[in-house]
Amino acid sequence: MKAQTEQRTGLLYGFGAYGMWGLVPLFWPLLKPSGAIEILAHRMVWSLAVVGVALLAMRRWGWIRELLRQPRKLALTTLAASVISVNWGLYIWAVNNGAVVEASLGYFINPLVTIAIGVLVLGERLRRAQWAAVGIGVAAVLVLAIGYGRPPWISLVLAFSFAAYGLIKKKLNMGGVESLAAETALLFLPALGYLLWLGTQGRSTFALDDPGHSWLLAATGLVTAIPLICFGAAAIRVPLSTLGLLQYLAPVFQFGLGVVYFHEAMPPERWAGFSLVWVALALLTWDALRTARRSRARLAEAGASAATAATAATATATAASEAAVAAEVAGGAEVAGAVHGAPEPPPTVATPAREPA
């Protein structure tokens with residue numbers, strides 16, 4: 001019962017995290033007239049403040065000393081911070097410049113790009129269904145390039161930067177809140193310096209007469225940290241396969257907002273390209289679920305075999321133990337008979353065989 005409750009709670013956290021990430025295109029236009037770089041700088045500064053409060057509440061500080069003692073880990077964290085800055089900045093720019101649909105495509109094709117990086121960088125081997133999904137994804141990008149009249153560079157940069165970020169995070173192996181704190185701490189001084197420079201140039205929008213705008217810029221820290229905290233809570237409560245399916249909620253919401261709310265154009269060739277992407281993702285999901293099911297079946301079979309072997313070994317051990325006890329009892333009886341003068345069994349007399357009549 002407790003496990004089911006935990007899993008339901010994890011699903012709610014997962015829906016919350018990906019739902020917020022999917023609806024975030026509604027937030028960035030509220031920050032105009034701030035530019036994408038200014039919004040990004042505020043996001044870095046205020047995110048550090050939010051995760052700092054979270055770490056203070058959780059009393060997690062030991063990882064800082066460990067990070068500073070490992071130059072390689074610190075360098076990887078710096079690289080992760082740089083890559084996610086590109087991803088964040090481009091996404092904000094895309095949303096505020098009428099490219100929500102193209103931005104959503106980046107997160108649709110991200111799983112395919114992640115698989116490609118696994119082959120090229122980590123030397124992983126793909127199953128046939130995965131190869132087919134990657135091939136369909138490449139065809140989709142070509143169709144979309146023809147439709148746009150150019151390569152969908154926003155989608156590609158978002159997909160490759162986020163896939164690279166995931167690869168770096170895999171090597172870092174840090175918690176979500178801790179890694180965000182480390183990344184934003186590394187970016188804090190450059191971001192704060194840029195905001196101060198904007199202020200000296202009279203180009204900062206933070207000090208406008210509208211206090212609501214300043215509060216919205218400060219809220220970028222909450223918009224960044226809260227979904228990540230929900231994601232971390234979901235990751236420890238639901239299976240990875242479930243979390244992998246939930247990740248498609250964000251680009252689905254973003255695509256829907258781009259078409260329905262922002263009224264972005266979707267000519268037939270763009271629909272064709274997106275349809276190919278969705279076919280590739282459906283194939284990838286089917287393969288992942290089938291593989292997970294087979295793995296569970298093999299584990300169950302191995303567990304059943306191990307249980308049978310253990311039962312047989314227990315039975316054999318029990319039989320051997322009973323035989324030893326019986327032998328010990330019999331031996332004890334013979335010794336007792338010898339000591340107390342027990343009568344010997346009568347001699348056996350052979351009966352002569354009768355002659356045939």
Side-chain angles (χ1 to χ4, degrees), residues 17 19-55 78 80-104 106-107 153-155 157-158 161-162 165 177 179-230 250-251 253-258 260-264:
M20 284 184 278
W21 280 327
L23 296 175
V24 78
L26 296 173
F27 178 71
W28 303 126
L30 301 178
L31 303 181
K32 292 178 179 180
S34 300
I37 304 301
E38 183 181 3
I39 296 172
L40 176 64
H42 276 287
R43 188 176 189 180
M44 294 169 180
V45 169
W46 296 109
S47 293
L48 180 61
V50 172
V51 295
V53 171
L55 289 172
T78 305
S82 303
V83 171
I84 200 61
S85 298
V86 173
N87 185 275
W88 284 357
L90 180 59
Y91 185 78
I92 294 169
W93 180 89
V95 170
N96 286 352
N97 284 272
V100 177
V101 170
E102 189 174 351
S104 73
Y107 294 103
W153 65 270
I154 295 174
S155 307
V157 173
L158 287 175
S161 60
F162 201 72
Y165 179 69
V177 177
S179 61
L180 180 62
E183 291 156 18
T184 50
L186 290 168
L187 298 168
F188 177 79
L189 288 179
L192 183 62
Y194 177 75
L195 292 176
L196 293 175
W197 177 80
L198 281 181
T200 61
Q201 298 295 311
R203 295 164 54 189
S204 173
T205 63
F206 186 75
L208 292 176
D209 293 334
D210 181 11
H213 183 73
S214 301
W215 282 109
L216 284 173
L217 285 172
T220 54
L222 293 173
V223 170
T224 301
I226 291 177
L228 184 65
I229 292 171
C230 289
F253 286 171
Q254 293 164 11
F255 177 80
L257 286 173
V260 177
Y261 182 80
F262 292 102
H263 304 291
E264 295 185 14

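Start at 1 with the first residue, then count along the sequence.
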Give me the atom names and distance for the closest heavy-atom approach of [X] to [Y].
X: P227; Y: A17; value: O-CB, 3.4 Å
X: S85; Y: M44; value: OG-CE, 3.1 Å
X: A41; Y: A191; value: O-CB, 3.7 Å
X: V45; Y: L192; value: CG2-N, 4.0 Å
X: G22; Y: L257; value: O-CD1, 3.6 Å
X: G106; Y: L158; value: CA-CB, 4.4 Å

Listed once per pair and sorted, the salt bridge (charged side-chain N to carboxylate O under 4.0 Å, His left out) pairs that draw on residues 39-49, sequence neighbours left out: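 Those involving residues 39-49 do not exist here.
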Pairwise salt bridge (charged side-chain N to carboxylate O under 4.0 Å, His left out) hits with a residue in residues 180-207, at least two apart: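 Checked against salt bridge (charged side-chain N to carboxylate O under 4.0 Å, His left out) - neighbours excluded - the pairs reaching residues 180-207 are K169-E183.
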Enter the distance from [X]:[atom1] to [Y]:[atom2] here, rounded to the nearest 0.5 Å.
X: L228; Y: L180; atom1: CG; atom2: CG; result: 5.5 Å
X: L31; Y: T205; atom1: CG; atom2: OG1; result: 8.0 Å
X: I154; Y: S104; atom1: CD1; atom2: OG; result: 11.0 Å
X: C230; Y: W21; atom1: SG; atom2: CH2; result: 8.5 Å
X: I92; Y: N97; atom1: CD1; atom2: CG; result: 11.5 Å
X: I84; Y: Y91; atom1: CD1; atom2: OH; result: 12.5 Å

Geometric class of the W153/W93 ring pair [parallel <30°, tilted 30-60°, perpendicular >60°]: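 Plane angle between 30° and 60°, so tilted.
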Any side-chain heavy-atom pair of [X] and [Y] under 4.5 Å:
X: F27; Y: L216; value: yes
X: T220; Y: W28; value: yes
X: H213; Y: P33; value: yes
X: T184; Y: V51; value: yes
X: Y261; Y: V100; value: no
X: V95; Y: P29; value: yes
X: F262; Y: P25; value: yes

Any residue meeting side chain to side chain donor-acceptor pair (under 3.5 Å) with N96, in chain and number order, not counting sequence neighbours: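 Testing N96 for side chain to side chain donor-acceptor pair (under 3.5 Å), a comparison that skips the adjacent residues, returns none.
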Residues in side chain to side chain donor-acceptor pair (under 3.5 Å) contact with E102, at least two apart in sequence or another chain: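 If we apply the side chain to side chain donor-acceptor pair (under 3.5 Å) test to E102, skipping adjacent residues, the hits are R150.
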Side-chain donor/acceptor of S204 to backbone N/O of T200, under 3.5 Å: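 Absent.
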Pairing residues for F206 by the ring-ring contact (aromatic ring centres under 6.0 Å, His included) criterion, not counting sequence neighbours: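 Result, ring-ring contact (aromatic ring centres under 6.0 Å, His included) vs F206: H42.
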Within residues 179-204 or reaching into it, pairs that qualify as ring-ring contact (aromatic ring centres under 6.0 Å, His included) - sequence neighbours excluded: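 Residue pairs passing ring-ring contact (aromatic ring centres under 6.0 Å, His included), neighbours aside: none found.
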Atom CZ of F162: over 12 foreign heavy atoms under 6.0 Å: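 No, CZ of F162 has 12 or fewer neighbouring heavy atoms, counting only those of other groups under 6.0 Å.
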